[in-house]
Amino acid sequence: MKVLIIGSGGREHAIAWKVAQSPKVDKIYCAPGNAGISQYAECVNIGAMEFEKLAAFAKEKEIDLTVVGMDDPLVGGVVDIFESQGLKVFGPRKNAAILEGSKAFSKDLMKKYNIPTAAYENFTSPEEALAYLETAKMPIVLKADGLALGKGVLICNTLEEAKEGVKTLMLDKQFGSAGDEIVIEEFMVGREVSVLSFVDGNTIRIMTSSQDHKRAKDGDQGLNTGGMGTFSPSPFYTKQVDEFCRENIYQRTVDAMKAEGRPFKGIIFFGLMLTEEGPKVLEYNARFGDPETQVVLPRMKNDIVEVFEACVDGKLDQIQLEFDHNAAVCVVLASDGYPEHYEKGYPITGFENFENKSGYFVFHAGTKFDEAGRIVTNGGRVLGVTALGEDLKKARENAYNAVQWIHFENKYMRNDIGKAIDEA
Ligand code: AMP
Ligand code: GLY
């Protein structure tokens, strides 16, 4: 089989690594890919939003299966373009990717189908949003409706901050048209858990749990980022939590999408908050998480290509997922200054330390080859160093050993990824 992967981050590197394990696969392409992905895949210089070019490439190379890693092309309808040309593709159509593409849509869906989530109101008028805030309880959360690189969520402690937030999102349009509509929702307190799942339109299969660290600095301080590190499984995702979510959240979401005439095929990522009143949905994503994928896939036993195909063919009921009884921790090595201002183009050394070492992975997020053929930094998040271990503590120890094997000029990381494990 020939497989094409669309995307260029650490998530796509982990997907490419996993796809490469499949005995069914002879050749992998990745568009546009990065320096690390080129170990497993031939990288092709086509952007993830160039749908017609991607489809033409898939036809020309007779690709058997395309896997879309990123949210923007899914929300933009890349799957519809591929399907209309008879190409096999893994991911939700545009009318289902809206589950991530519009927070107002997802909140209304949860309300209509009684899926537990924070109380909220949607607003298209800044005046009405401001009037609503006058009587609302603080802290409060403002969310841009559309995609905003994970940065369109504002947690406001005071009325003044909240009013300023409405201005930022709806009037100054910091995230462009993503702020044409906003969700204002109740602030929830609790631990966060990420749960990824495969869905074929009817059946849902849950993967092992994980937890992200979104803030830039130790102690969950600093700005929100794409994710600074993860661990899997989450010790807070207990059997009781799992049972509750299976009964009230997972299948109900899949059935709701079907009932709305938007059958969902692909990955649903459930961002959960474990509150005192029980688990509630913080957000849905319509794709693998980054860097959750970097700790979930190394623990997965199945041939991922078989699972992808079962989703596309509507046969997921024939698959049981299996995960190792171990743990994984991923520490992101970033460029100092991320997510604001940072330098790039620095040579990275030490990759050879990972060669032939089982249980250690270095997934590339923002890297490229320079003219001299060296691998250099090319983004805010540069690498995701993942290590396995027999339990979470061992995996964390292994990951923090392995981060020392890599060197580049402005290397920055959090030193407390997985600290929550000690409180479990
Ligand atoms: P989201 O993109 O919706 O996952 O939001 C980004 C982050 O903001 C989440 O991971 C939470 O840490 C935080 N957040 C979002 N919604 C709420 C809420 N209703 N209450 C408390 N924190 C929230
Ligand atoms: N790690 C969070 C996300 O992928 O959105």
Side-chain angles (χ1 to χ4, degrees), residues 1 3-6 15 18-19 22 24 51 55 58 63-102 105-115 117 194-207 245-272 281 283-289 293 296-297 300 302-322:
M1 269 180 82
V3 176
L4 168 65
I5 298 168
I6 299 178
I15 295 170
K18 188 69 181 157
V19 167
S22 170
K24 303 180 92 167
F51 301 166
I63 300 291
D64 299 291
L65 175 68
T66 297
V67 179
V68 187
M70 297 167 73
D71 46 6
D72 290 288
L74 289 169
V75 171
V78 69
V79 167
D80 306 60
I81 302 270
F82 270 61
E83 282 184 348
S84 71
Q85 302 194 22
L87 293 160
K88 197 162 175 174
V89 56
F90 175 81
R93 289 181 191 155
K94 184 175 183 165
N95 76 351
I98 190 174
L99 191 61
E100 170 166 8
S102 167
F105 170 86
S106 72
K107 294 296 291 188
D108 287 346
L109 185 88
M110 288 186 265
K111 188 191 250 176
K112 182 168 172 190
Y113 292 90
N114 203 17
I115 296 166
T117 190
S194 303
V195 176
L196 305 176
S197 67
F198 290 96
V199 184
D200 75 353
N202 291 300
T203 301
I204 179 164
R205 290 281 187 256
I206 303 301
M207 292 182 238
C245 295
R246 283 177 196 270
E247 204 172 309
N248 298 286
I249 295 176
Y250 303 145
Q251 188 69 50
R252 205 175 285 178
T253 301
V254 175
D255 294 345
M257 289 299 282
K258 194 175 161 193
E260 293 294 306
R262 300 168 181 274
F264 193 105
K265 283 190 180 189
I267 302 289
I268 300 183
F269 166 137
F270 298 86
L272 303 175
V281 177
E283 64 159 350
Y284 293 114
N285 293 318
R287 37 116 191 134
F288 281 103
T293 308
V296 169
L297 292 190
M300 182 174 159
N302 302 69
D303 177 342
I304 199 168
V305 175
E306 271 179 14
V307 186
F308 285 148
E309 288 188 299
C311 289
V312 177
D313 299 337
K315 294 181 176 162
L316 191 59
D317 58 338
Q318 296 173 15
I319 301 265
Q320 296 303 329
L321 296 182
E322 280 189 82

Mind checking what makes salt bridge (Lys or Arg N to Asp or Glu O under 4.0 Å) contact with Arg262, not counting sequence neighbours?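 Not a single residue meets the salt bridge (Lys or Arg N to Asp or Glu O under 4.0 Å) criterion with Arg262.
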Which atoms form the tightest heavy-atom contact between [X] and [Y], and what is the distance?
X	Y	result
Phe51	Pro73	CZ-O, 3.5 Å
Leu316	Thr203	CD2-O, 3.5 Å
Val199	Phe264	CG1-O, 3.1 Å
Val254	Gly201	CG1-O, 3.6 Å
Ala286	Leu74	O-CD1, 3.4 Å
Ile6	Phe82	CD1-CZ, 4.4 Å

Could you check Val296 against Phe288 for side-chain contact (heavy atoms from CB on, under 4.5 Å), going step by step and ending with a plain yes or no? CA-CA 10 Å; Val296 169; Phe288 281 103; over 6 Å; no
Between [Y] and [X], is there a side-chain heavy-atom distance shorter than 4.5 Å?
X	Y	result
Leu87	Ile63	no
Pro92	Leu99	no
Met257	Leu109	yes
Ile267	Phe198	yes
Tyr250	Val195	yes
Leu272	Ile249	yes

So does [Y] get a backbone contact from the side chain of [X], meaning a donor-acceptor N/O pair under 3.5 Å?
X	Y	value
Asn302	Gln320	yes
Asn285	Arg287	no
Lys265	Val312	yes
Thr117	Val281	yes
Ser22	Val19	no
Ser197	Ile268	yes
Gln85	Asp80	no

Within 6.0 Å of NZ in Lys88, more than 12 heavy atoms from elsewhere: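 Enclosed: over 12 neighbouring heavy atoms sit under 6.0 Å from NZ of Lys88.
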Please walk me through it: do Leu297 and Ile15 pass side-chain contact (heavy atoms from CB on, under 4.5 Å)? CA-CA 8 Å; Leu297 292 190; Ile15 295 170; 4.1 Å; yes
Let me confirm one number: the [atom1]-[atom2] distance from [X] to [Y], rounded to the nearest 0.5 Å.
X	Y	atom1	atom2	answer
Cys245	Ile115	SG	CD1	11.5 Å
Asp64	Thr66	CG	OG1	9.0 Å
Met207	Ser194	CE	OG	11.5 Å
Lys258	Gln251	NZ	CD	9.0 Å
Arg252	Asn248	CZ	CG	4.5 Å
Glu306	Gln318	CD	CD	11.0 Å

Using the side chain to side chain contact (heavy atoms under 4.5 Å, CB included) rule, pick out the option among Val68, Leu4, Val67, Leu65 that qualifies with Val89.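 Exactly one pass, corresponding to Val68.
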Given the rule in the side-chain contact (heavy atoms from CB on, under 4.5 Å) test, do Val307 and Met300 qualify, once you have shown the distances and angles that lead to the verdict? CA-CA 11 Å; Val307 186; Met300 182 174 159; 4.0 Å; yes
Using the rule given for side-chain contact (heavy atoms from CB on, under 4.5 Å), can you reason through Asn95 versus Glu260, listing the C-alpha separation, both sets of side-chain angles and the distance that settles it, and then say yes or no? CA-CA 10 Å; Asn95 76 351; Glu260 293 294 306; over 6 Å; no
Before we go on, tell me: are the rings of Phe269 and Tyr284 under 6.0 Å apart, centre to centre?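 Ring centroids of Phe269 and Tyr284 are no less than 6.0 Å from each other.
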Check this for me, if you would: do Arg205 and Asp200 make a salt bridge, where the nitrogen-to-carboxylate-oxygen distance has to be below 4.0 angstrom?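 Salt bridge flag = no for Asp200 with Arg205.
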